[in-house]
Amino acid sequence: MDSKLTRQLTPSQREAVFHKEGPLLVIAGPGSGKTRVITYRIAALIDSGVRPHNICAITFTNKAAQEMRQRANTFGASAGAHISTFHSLCVRILRQYAAKAAIKPNFSIYDDADQTRCIKQAVKDCELDSTDFPPARMLEAVSVLKNKLMDVESLKKDFEDYFSKMLAAVYSRYQHILAEHNALDFDDLLMKTAFLLQGCPEVCCELGNRFKYLLIDEYQDTNHAQYKIAKALVSAHNNICVTGDPDQSIYRWRGADIRNILAFESDWPRAVVVKLEENFRSSANILQMADKLISFNKKRKQKRLIPTKPDGKEVLVSVFFDELEEADAVAQQIKELVDGGASLNSIAVLYRVNSASRVLEEAFIRNKIPYQIVRGLEFYNRKEIRDMLAFLKILVNPDDKIALLRIINTPARGIGKTTIDKLGTYAVLHNITLFDSLKKVKDIDSLSADGTRAKISAFVKMIEQFKADLSGSVALLARRVFVESGMAEFLKVTDEGAFENVNELINSAGQYDQQAQPPSLLDYLQQTALFTDSDAYDSSSERAALMTLHAAKGLEFENVFIIGVEEGLLPHERSAGDDDQIEEERRLFFVGMTRAKAQLHISYARYRTVKGQMLRTMPSQFLYELGVDGVKLISENRNSHDDVDDDNSDDTSQIVPQFVTDQLVRHKTFGLGRVREFVDMGENSIVVVRFNTGQTKSLLVKYADLSDVGNF
DNA sequence: CATAGCCGCCTTTTT
DNA sequence: GGCGGCTATG
């Protein structure tokens with residue numbers, strides 16, 4: 001390896017890069033050059049004679065994998081190393097060893113929306129009420145079980161109480177439905193891979209030979225299933241290198257188990273531990289604040305945060321009247337930064353919840369600031385994109401009923417609900433899939449008009465024609481499907497934007513074609529299922545970045561704005577009362593703060609409109625922990641000149657507005673009315689209003705959007 | 001069978 | 001406030 005490069009490394013970094021055999025734990029604080037160390041390590045391994053093909057590096061996101069691939073390629077020889085996420089690796093393994101994993105290789109990958117439909121069906125099939133067993137809760141519970149590698153069989157014996165028994169039944173039914181559709185959800189990808197490796201030593205052996213060196217980044221956010229997979233993959237040689245920072249663990253809610261990194265040394269007793277405590281990213285005062293905050297976490301291994309940069313600009317904490325003023329002020333400050341020579345791609349605005357982006361977006365448009373929102377699933381959640389992908393899915397996996405139902409009448413081709421019901425009944429009766437029932441229209445007597453039969457046959461014929469040749473360019477095939485299915489013409493007339501979106505999807509399929517060898521529709525679909533919009537974040541484009549604190553993980557910016565640092569938002573209200581969750585929220589804030597290289601702007605608003613209600617807020621407890629020493633507190637608005645320490649005037653019990661009998665109120669849809677009764681139940685208060693339309697309504701205050709009209 | 005409009009449900013973070 | 005699902009109507 002180029003000695004000019006390695007000379008730039010610190011002694012600890014060098015130790016991590018050139019460590020040869022056996023387990024290695026790299027505890028790396030924020031901004032410690034961790035990613036660079038991993039990339040160099042790949043290069044160093046190759047330099048010492050390891051074939052790129054024998055290296056497997058796992059990153060947390062697809063975006064990170066993509067960037068690491070690019071960086072590794074600048075060293076030359078690293079092409080051929082497997083660099084991807086855990087999920088992506090699992091897809092490859094499951095496809096290769098499908099038979100041994102007792103699945104079909106052409107499986108669909110079900111995302112959140114697909115999963116919700118399946119779990120709803122499962123709850124219904126178990127004859128349970130969806131109010132007692134809400135789909136979201138059930139999915140969460142199932143996900144927790146899967147991440148702990150508890151399958152349906154292992155549950156039955158331990159589960160005694162009513163809810164657990166019902167959960168086991170729903171879980172079982174849910175898995176059955178997925179299997180019928182030849183589909184796996186995200187958690188299945190990990191669970192099935194872990195079971196495969198556990199049950200088939202020969203597969204373990206083969207993969208251990210293939211991947212002689214395993215590197216895992218962001219190890220603090222791995223879950224139990226991922227841990228088991230890693231353990232199995234390196235069982236033959238123990239060449240495992242993990243990097244992470246317990247203080248940056250922010251995915252516990254998703255099953256991440258911080259014990260994986262804390263117990264690494266006892267898991268691999270011969271482990272070499274390297275600590276990277278120097279920070280090359282942030283100015284000293286930003287680090288000092290971040291350090292002060294994280295030191296409030298009790299369940300924590302003491303770790304130093306050593307600055308290498310001088311003090312720099314002071315951290316600014318600002319107070320605003322409401323979120324509109326906050327957003328406008330952020331936009332103004334960004335304008336000033338740009339006027340001062342800053343480039344927009346060095347600026348990020350971070351927030352706790354995605355919904356905060358809306359107000360910012362409007363402010364940025366008003367102020368004519370180019371921006372990009374890095375959002376979870378904006379693009380892939382669009383109806384037209386889901387429809388298009390459903391079309392393609394059906395071509396490789398006809399068992400995917402969710403996909404089939406999406407497109408069977410999209411665009412409208414005269415196959416309506418009644419027809420689909422009849423087909424479904426026939427399919428169940430004859431124990432065939434819905435798609436197969438489409439081919440049997442002649443035998444289905446319940447179908448009335450011959451016209452309907454003809455329409456169904458035409459649809460099947462169209463699908464079969466697409467399926468005739470699935471090899472070659474995915475983009476060309478996708479374009480053909482788009483046009484010949486009638487979707488293109490339909491969208492062009494009804495929704496120009498949607499039309500363009502599908503074109504964008506087809507263009508991105510073109511990019512896939514170029515880098516895949518050879519391109520395959522199945523591989524394309526299985527890989528895009530794992531993609532999110534965050535993967536589309538373009539750090540080189542001259543736009544300010546707007547994203548959640550979670551999405552900012554692993555990134556860095558000259559200027560960082562963290563907005564909405566209020567009780568209920570950061571820490572989020574859902575974590576109240578749980579010390580562990582509060583600690584995680586604190587880590588989240590810590591991650592956000594340590595993204596900043598030159599200047600950090602923290603702000604909160606005195607009032608915030610949440611779901612249509614303007615509420616009084618309280619500054620985050622984290623701000624009190626930071627104190628105001630060395631911090632410049634700015635009050636932008638005359639209405640809000642109290643500072644952090646002067647806040648005992650707040651009445652926290654008034655989360656929702658109160659009403660009194662006979663008060664005049666206005667409702668958005670019912671108009672004017674008079675309050676008959678107010679039942680104070682805190683957040684769940686109910687107000688009974690007799691409207692001028694004559695009707696009397698009982699409304700939940702938090703949803704009702706009632707405004708006080710005063711007494712005229 | 002298609003469409004519009006209404007009702008009721010949910011609402012943190014994401015691979 | 002936003003969306004999916006349901007119902008009434010054309």
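Throughout, protein chains are lettered first and strands after them, A, B, ... in sequence-line order, and every chain is numbered starting at 1.
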| Residues forming a ring-ring contact (aromatic ring centres under 6.0 Å, His included) with A:Y251, sequence neighbours excluded | A:F60, A:W253, A:H550
| said: Between the base of B:dT13 and the ring of A:W253 - centre-to-centre under 5.5 Å, planes within under 30° - is that a stack? | reply: yes
| task | Tell me which nucleotide among B:dT12, B:dT15, B:dT14 gets nearest to the side chain of A:R574. | result | B:dT12
| field | Side-chain N,O (A:N409) to OP1/OP2 (B:dA2) below 4.0 Å | value | yes
| Under-4.0 Å side-chain N/O to phosphate OP1/OP2 contact, A:T419 with B:dC1 | yes
| Protein-nucleotide distance (A:E140, atom CD; B:dT13, atom P), rounded to Å | 13 Å
| query | Please give, in whole Å, the distance from B:dT12 P to A:I250 CD1? | reply | 17 Å
| task | For A:Y251, report the nucleic acid contact type (base, sugar-phosphate, nothing); a contact means any heavy atom under 4.0 Å. | result | sugar-phosphate
| said: Counting only side-chain heavy atoms from C-beta out, which of B:dC10, B:dT13, B:dC1 sits nearest to A:P134? | reply: B:dC10
| message | Just N and O in the side chain of A:T548: are any of them under 4.0 Å from OP1 or OP2 of B:dT14? | response | yes
| field | Sequence-distant partners of A:Q96, side chain to side chain contact (heavy atoms under 4.5 Å, CB included), two or more places apart | value | none
| task | Could you pull out all residues at least two apart from A:R137 that satisfy salt bridge (Lys or Arg N to Asp or Glu O under 4.0 Å)? | result | none
| task | Tell me whether the OP1 or OP2 atom of B:dT15 has a side-chain N or O from A:N223 closer than 4.0 Å. | result | no
| field | For atom CD1 of A:I408 and atom P of B:dA2, their distance in whole Å | value | 11 Å
| remark: The side chain to side chain contact (heavy atoms under 4.5 Å, CB included) partners of A:S575 (sequence neighbours excluded) come to A:P571, A:H572, A:Q581, A:I582, A:E585
| Taking atom types as modelled, is there a side-chain donor on A:D188 or A:Y110 under 3.5 Å from an acceptor on the other? | no
| task | Have a look at A:D187 and say if it touches a base, only the backbone sugar-phosphate, or nothing, with a 4.0 Å heavy-atom cut-off. | result | nothing
| remark: Whole-Å distance, A:R587 CZ to B:dT12 C1', equals 16 Å
Would you tabulate the side-chain donor-acceptor contacts of residues 83-93 of chain A under 3.5 Å, counting partners in other chains and residues two or more places apart, or write 'none'?
residue : atom : partner : partner atom : Å
A:S84   : OG   : A:H82   : NE2          : 2.8
A:T85   : OG1  : A:S88   : N            : 3.1
A:S88   : OG   : A:Q527  : OE1          : 2.8

| Quick one: on DNA chain B, does A:P135 or A:I420 contact a more 5' nucleotide (nearest heavy atom)? | A:I420
| said: A:K553 and side chain to side chain contact (heavy atoms under 4.5 Å, CB included): which single residue from A:M547, A:Q248, A:E218 fits? | reply: A:E218
| Nearest-angstrom distance from the residue atom CZ of A:F531 to C1' of B:dT14 | 15 Å
| request: Taking only the side-chain heavy atoms of A:R352 (C-beta and beyond), determine which of B:dC1, B:dA2, B:dT12 contains the nearest atom. | output: B:dT12
| Short side-chain donor-acceptor distance under 3.5 Å, A:D151 and A:Q175 | no
| said: Measure CZ/A:F133 against P/B:dC9 and give the value in whole Å, please. | reply: 17 Å
| task | Please state how far atom CZ in A:R453 lies from atom C1' in B:dC1, giving the value in whole angstrom units. | result | 17 Å
Can you pull every protein N or O that's under 3.5 Å from an N or O on nucleotides 2-7 of chain C?
residue : atom : partner : partner atom : Å
C:dG2   : OP1  : A:R358  : NH1          : 3.3

| field | Short side-chain N/O contact from A:N354 to OP1 or OP2 of B:dT13, under 4.0 Å | value | yes
| field | Comparing A:H572 and A:F490 on DNA chain B - which has the more 5′ nearest nucleotide | value | A:F490
| message | Between C1' on B:dT15 and CG on A:L189, what's the gap in Å once rounded to a whole number? | response | 9 Å
